[in-house]
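Okay, structure first, notes after.
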Amino acid sequence: MKKLVIIGQGPAGISAALYAVRGGADVTIIAKDNGALAKADLIQNYYGFENGISAEELIERGIKQAENLGVHFIRDEIAGIEFGENGYIVKTIGGELEAGAVIIACGIARNMPPIRNIDTFEGKGVSYCAICDGFFFRGKKVAVIGSGKYALSEYGVLKNIIEDVTICTNGEAPAFDAAGTQVDTRKIASFEGKENIAEIVFADGTRQPIDGVFVACGSAGAFELSKKLGLEMAGNKIAVNEKRETNIPGIYAAGDCIPGLQQIAKAVYDGMVAGTEALKFLKANA
């Protein structure tokens, strides 16, 4: 049976892993950190804890429970999901992993920098996927917006096909070794143009002609992964059916990244459904 890769180790991801691994799947969870739940303090509305439980303890218990059942964990930052010969290739900053099915359970935080007109030029020069859209900018001048390793990863993809690429950190210090890369650390005020983006206007008033901009701020979350794969969205969340299936076979989503209440109980249920349905998919396509 092919591998199931789950992105995110919150309640939805762990719940999906528990059901899938107990059904015989080879399950790997990839996560950079503990997600939004880690920001909570005492949880008092989840079943089974008469005095409540801290978010940290709940997360750690879930991880240990999954590890005890044979779930593999990789601590890394997701860079993207691509179609492969035998399913999918899940790319991280540190490598890549083949998967027969993928469950996205990493929340929906949209890493959108507060730059004026960025929404205006989405699809008109502003992109969220270097590997998807880089081809269309060959021979042109583009910028990657971001200051972390995800931005550096997108820069590497673009440099394979485009000569003139600059990482614009938007006023932040680069969180990577900038040697050998073209970096501009100035704060960005706005994007300007008519039908398509044509200029970056910096906070100091200077202007830089540009043909395309690739947004890669922070880490790639559910929104960015959805843009890369072409998943159908429901507002700012991933559209799924009752089986937690997306519009692409073998790709599932669960937890805060799909419509509905942002509650632990719902996330656990979502994960259970996604995990069992992904297991069925893997067995049917073994």
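What you see is a predicted model, and the numbers here were worked out from it, not measured in a lab.
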Consider only side-chain N and O atoms of [X] and [Y], and report whether a donor and an acceptor are under 3.5 Å apart.
{"X": "Glu192", "Y": "Ser190", "answer": "yes"}
{"X": "Gln263", "Y": "Asn45", "answer": "yes"}
{"X": "Arg186", "Y": "Thr169", "answer": "no"}
{"X": "Asn86", "Y": "Glu98", "answer": "no"}

Side-chain heavy atoms under 4.5 angstrom apart, residues restricted to Ile, Leu, Val, Met, Phe, Trp, Tyr: same cluster for [X] and [Y]?
{"X": "Val126", "Y": "Val165", "answer": "no"}
{"X": "Leu152", "Y": "Leu225", "answer": "no"}
{"X": "Ile131", "Y": "Leu229", "answer": "no"}
{"X": "Ile6", "Y": "Val273", "answer": "no"}
{"X": "Met272", "Y": "Ile238", "answer": "no"}

Kindly indicate whether the side chain of [X], heavy atoms from C-beta on, has any atom under 4.5 Å from the side chain of [Y].
{"X": "Thr28", "Y": "Phe73", "value": "no"}
{"X": "Leu58", "Y": "Phe49", "value": "yes"}
{"X": "Ile118", "Y": "Ile145", "value": "no"}
{"X": "Glu77", "Y": "Tyr150", "value": "yes"}
{"X": "Ile7", "Y": "Val102", "value": "yes"}
{"X": "Lys283", "Y": "Met1", "value": "yes"}
{"X": "Ile89", "Y": "Leu97", "value": "no"}
{"X": "Glu82", "Y": "Lys228", "value": "no"}

To the nearest 0.5 Å, how far apart are [atom1] in [X] and [atom2] in [Y]?
{"X": "Lys32", "Y": "Gln9", "atom1": "NZ", "atom2": "CD", "answer": "12.5 Å"}
{"X": "Leu158", "Y": "Ser153", "atom1": "CG", "atom2": "OG", "answer": "9.5 Å"}
{"X": "Cys217", "Y": "Glu172", "atom1": "SG", "atom2": "CD", "answer": "7.5 Å"}
{"X": "Asn117", "Y": "Glu122", "atom1": "CG", "atom2": "CD", "answer": "11.5 Å"}
{"X": "Asp211", "Y": "Asn196", "atom1": "CG", "atom2": "CG", "answer": "9.5 Å"}
{"X": "Ile30", "Y": "His72", "atom1": "CD1", "atom2": "NE2", "answer": "12.0 Å"}

Side chain of [X], backbone of [Y]: donor and acceptor closer than 3.5 Å?
{"X": "Thr181", "Y": "Val183", "answer": "no"}
{"X": "Glu154", "Y": "Ala151", "answer": "no"}
{"X": "Ser226", "Y": "Ala222", "answer": "yes"}
{"X": "Lys159", "Y": "Glu163", "answer": "yes"}
{"X": "Asn170", "Y": "Ile188", "answer": "yes"}
{"X": "Asp256", "Y": "Gly107", "answer": "no"}
{"X": "Thr246", "Y": "Ile251", "answer": "yes"}
{"X": "Asn247", "Y": "Glu232", "answer": "yes"}

Charged N-O contact under 4.0 Å between Lys141 and Asp164:
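Here Lys141 pairs with Asp164 in a salt bridge, since their nearest N and O are under 4.0 Å apart.
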Go through the steps to decide whether Lys237 and Ile258 satisfy the test side chain to side chain contact (heavy atoms under 4.5 Å, CB included), and finish with yes or no.
CA-CA 5 Å; Lys237 301 206 173 187; Ile258 68 173; 5.5 Å; no
Give the intermediate values and the outcome of side chain to side chain contact (heavy atoms under 4.5 Å, CB included) for residues Ile53 and Tyr46.
CA-CA 9 Å; Ile53 184 172; Tyr46 188 59; 5.6 Å; no
Using the benzene-type ring in the case of Trp, are the ring centres of Tyr155 and Phe214 under 6.0 Å apart?
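Judged by ring-centre distance (under 6.0 Å), Tyr155 and Phe214 do not meet the cut-off.
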Could you report the tightest heavy-atom contact between [X] and [Y], atom names first, then the distance?
{"X": "Ala254", "Y": "Gly271", "result": "CB-N, 3.9 Å"}
{"X": "Val27", "Y": "Ala20", "result": "CG2-CB, 3.9 Å"}
{"X": "Ala105", "Y": "Ala12", "result": "CB-CB, 4.1 Å"}
{"X": "Val268", "Y": "Pro11", "result": "CG2-CB, 3.9 Å"}
{"X": "Phe202", "Y": "Gln208", "result": "CE1-CB, 3.7 Å"}
{"X": "Ala101", "Y": "Phe281", "result": "CB-CD2, 4.1 Å"}

Residues, nucleotides or ligands: over 12 heavy atoms within 6.0 Å of [X] [atom1]:
{"X": "Arg75", "atom1": "CZ", "value": "yes"}
{"X": "Lys149", "atom1": "NZ", "value": "no"}
{"X": "Tyr19", "atom1": "OH", "value": "no"}

Going through the distances and angles, do Tyr88 and Phe83 end up as a ring pair (Phe, Tyr, Trp, His ring centres under 6.0 Å)?
CA-CA 5 Å; Tyr88 299 95; Phe83 296 97; 5.6 Å; yes
Report the C-alpha separation of Glu224 and Lys227 in whole Å, then their side-chain angles, then the decisive distance to 0.1 Å, and conclude whether the salt bridge (charged side-chain N to carboxylate O under 4.0 Å, His left out) test is met.
CA-CA 5 Å; Glu224 290 77 15; Lys227 286 285 187 179; over 6 Å; no
I need the single residue from Val213, Val215, Asp133 that forms a side chain to side chain contact (heavy atoms under 4.5 Å, CB included) with Tyr128. Which is it?
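Between Tyr128 and the candidates, side chain to side chain contact (heavy atoms under 4.5 Å, CB included) is satisfied uniquely by Val215.
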Start with the C-alpha distance between Ile200 and Cys168, add both sets of side-chain angles, then the distance that settles side chain to side chain contact (heavy atoms under 4.5 Å, CB included), and finish with yes or no.
CA-CA 10 Å; Ile200 297 176; Cys168 293; 4.3 Å; yes
For Leu18 and Val71: C-alpha separation, side-chain torsions, deciding distance, then whether side chain to side chain contact (heavy atoms under 4.5 Å, CB included) applies.
CA-CA 8 Å; Leu18 295 177; Val71 175; 5.6 Å; no
